[in-house]
Every structure is written in C-alpha cells, then in structure tokens.
Chemist: 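If you scroll down you'll find the structure; I have some questions about it.
Both counts, for ligands and for their atoms, begin at 1 and track the order of listing. These values consider heavy atoms only, across backbone and side chains, with no hydrogens, waters or symmetry-generated copies.
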Amino acid sequence: MNIIITEDYDELSEKASEIIIEHVRNKPDAVLGLATGSTPLGLYKRLVEDHKENGTSYKQIRAVNLDEYKGLTKDHPQSYAWFMRKNLFDRIDIDLNNTYIENGTAKDEKSECERYDSILEQFPRDIQLLGLGSNGHIAFNEPNTPFDSTTHVVTLADSTVKDNARLFSDISEVPRKAYTMGLKSIMQAKKILLLASGLNKADAVAKLMYGKPTEELPASIISEHKDCTVILDEKAASKL
Ligand code: F6R
C-alpha cells in the first residue's frame, strides 16, 4: 500500500487530482470508478478547473459510480446521480450516456443488482476512487459485509445515517437503504485510490493501517490489492 500523508485537505485534493488527470491523459478512454460524499469534492473541483484551463478531455471516458440511495430518483437533489452531475459531469465534457450508477427507483432489486454487475463486467475500471466511512465502510459496504460481495442492497448503519444527515434538512429524510457496489467488485479495479480527511476518520485509518484484513472493517480489504494508494490529510493520519 502506497501511503501519502498531506498537510491538509487542499493538498490531499491536489495530489488526488494529479493521479486522476494523469490517468485520463494517458488513457483518454479510461474507465473511472467514482465516489460521492464530501471527501472528493476538492478533487472534482480541481478536475473541472484543469478541464477548463488545460483542456483535459473526458469525451471518451466512462464513469462508474459506487452507490446510490434506494428510493431517490436520479434528479432528486440528494441522490448521488444528481451529486455527480452537479459537482462534475455537467462541468466537464463527459457524455452522460457513458456514466453509470445504480437506479435507486428500480422496481426489482435483484435485477437491478444484476444489471449493475454486468456493467461492471463490461467496463473494467482502470482506477477506483474511494472515500472512507468513519466506521470503516467503503462505498456502502457496512461492517461485516462479506469480502466476496457484488452489487447488493444494504441497510445503512445508524452511524452512516447520522454522518450523512448533514446533507439533508432532517435526519428523518436520510434513506435507510442503498444500492452499493460490493467489496469483490471494488477489488476488481486495476488501481485503488482511497482518500480520507479529518479527525473523524482517524480511528478507521489507524485500524486499516495496523490491523489485518477483516470483514469487521470493510476498508481493510484494500490492503490486499496489489496497486493501492491511500492519501490522508494530517488529521486523518493523526492516530498513526
Ligand atoms: C460515497 C461512498 C461512501 C463515502 C464515505 C465517506 O459514494 O461510497 O463510502 O465515501 O461515506 O463520506 P464523506 O466523504 O462524506 O466523509
């Protein structure tokens, strides 16, 4: 595991953007596995700036997202589909037809999971971006998710609902269920890039760095990946 400790969130975002931009320039038809949440916002801002200033193009790029709340339509302001459009896709030249995310309002859960797994098979990811939950989740794979999981529907942990409530007007509005890419599927990406920022991630980061891979800490699976980079800011790295 390649670990980069940065001074602060800005430097973390800068380093992460350098890695993604290099990928896109070297392989203009790369498949990017993308994440939502607060952590990648600085990275996405830099991708947009670089696209405008330096013309890095996403015309042939495909983007496959990790997860989506169950029950939210793709134009719901709190859906992850909407988040991606607002923070990245509508601000670069990517073709929206080349962007993929689970359908939160699919009628049948099983067939939606199968549909998404076949997309993951069709478009192997060159790089998978990950954030880290304060309880050690990656995507919405909560503690004790089997390491061999593929796309599935999860009931969100109470701590995740609380963490994400800041983005809703009231905690009662946070969906309790979500579709998520599974841990096995995450590991199939050629490269993993995990970002963690802030004191509330420090415990999970320390467990990830010092412990053995265990399903109790879903993120620990990435230590078994042969090409994995973790970028931390000083606060997230404060318990190392
Ligand atoms: C989002 C996702 C989640 C977040 C994690 C951290 O697509 O998969 O695992 O990466 O909950 O969220 P933030 O970045 O908001 O702290």
Side-chain angles (χ1 to χ4, degrees), residues 6 8-10 12-13 16-17 20 32-45 63-70 72 74 76 78-89 99-104 116 120 125 127-145 149-168 171 174-187 189 192-205 207-208 217-222 229-233 235-237:
T6 59
D8 54 20
Y9 179 69
D10 273 352
L12 172 149
S13 303
S17 71
I20 301 286
L32 308 178
L34 297 180
T36 59
S38 302
T39 313
L41 283 173
L43 156 65
Y44 293 158
K45 188 166 164 269
V64 184
N65 260 82
L66 286 172
D67 39 20
E68 179 60 283
Y69 286 119
K70 190 165 154 50
L72 299 193
K74 63 182 193 313
H76 187 287
Q78 261 78 39
S79 74
Y80 285 167
W82 190 253
F83 173 102
M84 290 309 299
R85 288 194 60 169
K86 187 174 71 172
N87 293 298
L88 187 65
F89 297 157
T99 65
Y100 307 90
I101 191 160
E102 297 94 333
N103 174 3
Y116 211 61
L120 297 176
R125 282 143 292 141
I127 185 163
Q128 178 64 60
L129 176 68
L130 297 172
L132 178 67
S134 58
N135 65 356
H137 74 216
I138 48 174
F140 273 141
N141 294 287
E142 300 286 24
N144 300 312
T145 302
S149 52
T150 54
T151 305
H152 59 287
V153 173
V154 294
T155 300
L156 301 179
D158 288 344
S159 62
T160 302
V161 172
K162 273 190 208 128
D163 283 351
N164 291 2
R166 69 188 190 282
L167 304 166
F168 292 78
I171 192 165
V174 184
R176 294 313 201 249
K177 287 192 164 195
Y179 284 96
T180 184
M181 199 187 281
L183 294 168
K184 182 175 153 197
S185 319
I186 287 173
M187 290 293 279
I192 302 265
L193 175 62
L194 181 137
L195 311 179
S197 162
L199 271 184
N200 65 329
K201 306 293 170 74
D203 283 329
V205 167
K207 283 188 203 150
L208 166 64
L217 189 84
S220 64
I221 196 173
I222 67 166
T229 298
V230 173
I231 311 183
L232 307 170
D233 64 8
K235 286 184 178 154

Chemist: For atom 10 (O) of ligand 1, which protein heavy atom lies nearest, and how many Å away is it?
Modeler: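 I find the closest protein heavy atom is Gly131 CA, 3.3 Å.
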Chemist: Any idea which protein heavy atom is nearest atom 8 (O) of ligand 1, and the distance to it?
Modeler: Asp67 OD2, 2.7 Å
Chemist: Enumerate the atoms of ligand 1 whose separation from the nearest heavy atom of Lys201 is less than 4.0 angstrom.
Modeler: 6 (C), 13 (P), 16 (O)
Chemist: Can you report which non-hydrogen protein atom sits closest to atom 11 (O) of ligand 1, along with the distance?
Modeler: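 Looking only at protein heavy atoms, the one closest to atom 11 (O) of ligand 1 is His137 NE2, 2.7 Å.
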Chemist: Checking side-chain polar atoms at under 3.5 Å, does Asn103 have a donor or acceptor matched by the opposite partner on Glu68?
Modeler: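 The criterion, which ignores hydrogens and geometry beyond distance, is not satisfied for Glu68 and Asn103.
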Chemist: Ignoring hydrogens and angles, state whether a donor on the side chain of Arg125 or Ser185 is under 3.5 Å from an acceptor on the partner side chain.
Modeler: no
Chemist: For Gln128 and Ile186, indicate whether the former's side chain and the latter's backbone hold a donor-acceptor pair under 3.5 Å.
Modeler: no
Chemist: Record the part of Met181 in heavy-atom contact with ligand 1 below 4.0 Å; permitted values are side chain, backbone, both and neither.
Modeler: neither
Chemist: Please find the pair of heavy atoms, one from Asp8 and one from Asp233, that lie closest to each other, and give the distance.
Modeler: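 Residues Asp8 and Asp233, closest heavy atoms: C-CB, 3.7 Å.
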Chemist: Just go through Gly37, Ala196, Gly133, Ala139 and tell me whose heavy atom is the nearest to atom 3 (C) of ligand 1.
Modeler: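 Selected option, by shortest heavy-atom distance: Ala139.
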Chemist: Does one side chain, of Tyr116 or Asn65, offer a donor that lies under 3.5 Å from an acceptor on the other?
Modeler: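 The answer is no; no qualifying pair exists.
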Chemist: I want to confirm something. Looking only at heavy atoms, which of Thr39, Leu130, Leu34, Asn65 is nearest to atom 13 (P) of ligand 1?
Modeler: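 That would be Thr39.
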Chemist: Nearest protein heavy atom to atom 1 (C) of ligand 1, by residue and atom, and its distance?
Modeler: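 Here the nearest protein heavy atom works out to Thr36 OG1, 3.1 Å.
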Chemist: Are any of the N/O atoms in Tyr80 less than 3.5 Å from those in ligand 1?
Modeler: no
Chemist: Nearest non-hydrogen contact with atom 6 (C) of ligand 1 belongs to which option: Leu194, Ile138, Ile101, Leu132?
Modeler: Leu132
Chemist: Answer yes if the side chains of His137 and Thr160 hold a donor-acceptor pair under 3.5 Å, and no otherwise.
Modeler: yes
Chemist: Answer side chain, backbone, both or neither: which part of Leu66 comes under 4.0 Å from ligand 1, heavy atoms only.
Modeler: side chain
Chemist: If every non-hydrogen atom of Gly182 is compared with every non-hydrogen atom of Asn141, which pair is closest and at what distance?
Modeler: CA-OD1, 3.8 Å
Chemist: So, the side chain of Lys207 versus the backbone of Gly136: is there a donor-acceptor pair under 3.5 Å, distance only?
Modeler: no
Chemist: Any atom of ligand 1 sitting under 4.0 Å from a heavy atom of Glu68?
Modeler: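 No, Glu68 has no heavy atoms under 4.0 Å from ligand 1.
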